[in-house]
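In this chain, residues are counted from 1 in sequence order. Because the structure is predicted, anything quoted here is derived from the model rather than measured.
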Amino acid sequence: MPWSIPKRVSYPLSHEQVKGMLMRYDKNRDGKLSKQELRLAFKEMGLHFCSWKAGKAISSADKNGDGYINEDEMSEFVQYCSRWGIRIA
Ligand SMILES: [Ca+2]
Ligand SMILES: [Ca+2]
């Protein structure tokens, strides 16, 4: 992809933008995000969530219970994030 993630992300972003950014942190390219990958994503996006919140968001969005967020579950995850006051359009 031609664009890179800025140190600080300006909000609001669309759900698709957020999904796209998060999926770039799928380091091992298995098509889903582990807790570790998500934490790195948050950190690099300048969002400082504690691991408890990240864990809560993952378990809430993780519909099939495998401990990872896949592309389908990502929408749920992004919605959960928006409830924390992150304005996602
Ligand atoms: Ca992964
Ligand atoms: Ca899952």
*Asks:* Do you reckon Ile58 sits in the same ILVMFWY cluster as Tyr68, going by side-chain contacts under 4.5 Å, direct or chained?
*Replies:*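 No, it is not one cluster - the side chains of Ile58 and Tyr68 are not joined through contacts under 4.5 Å.
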*Asks:* How would you list, by chain and number, every residue that makes a salt bridge (Lys or Arg N to Asp or Glu O under 4.0 Å) with Lys63, sequence neighbours excluded?
*Replies:*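 Listed in chain order: Glu76.
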*Asks:* Rounded at 0.5 Å granularity, tell me how far CE in Met23 sits from NZ in Lys32.
*Replies:*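 Atom-to-atom, Met23:CE and Lys32:NZ are 10.5 Å apart.
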*Asks:* Are Met21 and Ile69 connected, step by step, through hydrophobic side chains (Ile, Leu, Val, Met, Phe, Trp, Tyr) whose heavy atoms are closer than 4.5 Å?
*Replies:*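 Yes, one cluster joins them.
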*Asks:* Just verifying a value: how many Å separate Leu38 CG and Phe77 CZ, rounded to the nearest 0.5 Å?
*Replies:*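 Rounded to the nearest 0.5 Å, the CG-CZ separation comes to 4.5 Å.
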*Asks:* How long is the straight-line distance from CG of Leu40 back to NZ of Lys43, given to the nearest 0.5 Å?
*Replies:*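 These two atoms lie 7.0 Å from each other.
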*Asks:* With sequence neighbours left out, what residues match Asn64 under side-chain contact (heavy atoms from CB on, under 4.5 Å)?
*Replies:*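 Asn64: side-chain contact (heavy atoms from CB on, under 4.5 Å) contacts with Asp62, Asp66, Asn70, Glu73.
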*Asks:* Return the minimal non-hydrogen interatomic distance between Tyr25 and Glu44, and the atom names on each side.
*Replies:*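 Nearest pair, atom of Tyr25 first, then Glu44: OH-CB, 3.1 Å.
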*Asks:* Holding to salt bridge (Lys or Arg N to Asp or Glu O under 4.0 Å), I want the full list of residues that pass it with Glu71, two or more places apart in sequence or in another chain.
*Replies:*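 Counting only residues at least two positions away or on another chain, Glu71 forms no salt bridge (Lys or Arg N to Asp or Glu O under 4.0 Å).
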*Asks:* Could you tell me which non-hydrogen atom of Gly31 sits nearest to which non-hydrogen atom of Asp26, and how far apart they are?
*Replies:*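 For Gly31 and Asp26, the tightest heavy-atom pair comes out as N-OD2, 2.8 Å.
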*Asks:* Only counting residues at least two apart or in another chain, list the ones meeting side-chain contact (heavy atoms from CB on, under 4.5 Å) with Glu16.
*Replies:*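 Checked Glu16 against side-chain contact (heavy atoms from CB on, under 4.5 Å); matches are Ser14, Lys19.
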*Asks:* Quick one, Gln79 and His15 - any side-chain contact, counting heavy atoms below 4.5 Å?
*Replies:*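 They are in side-chain contact.
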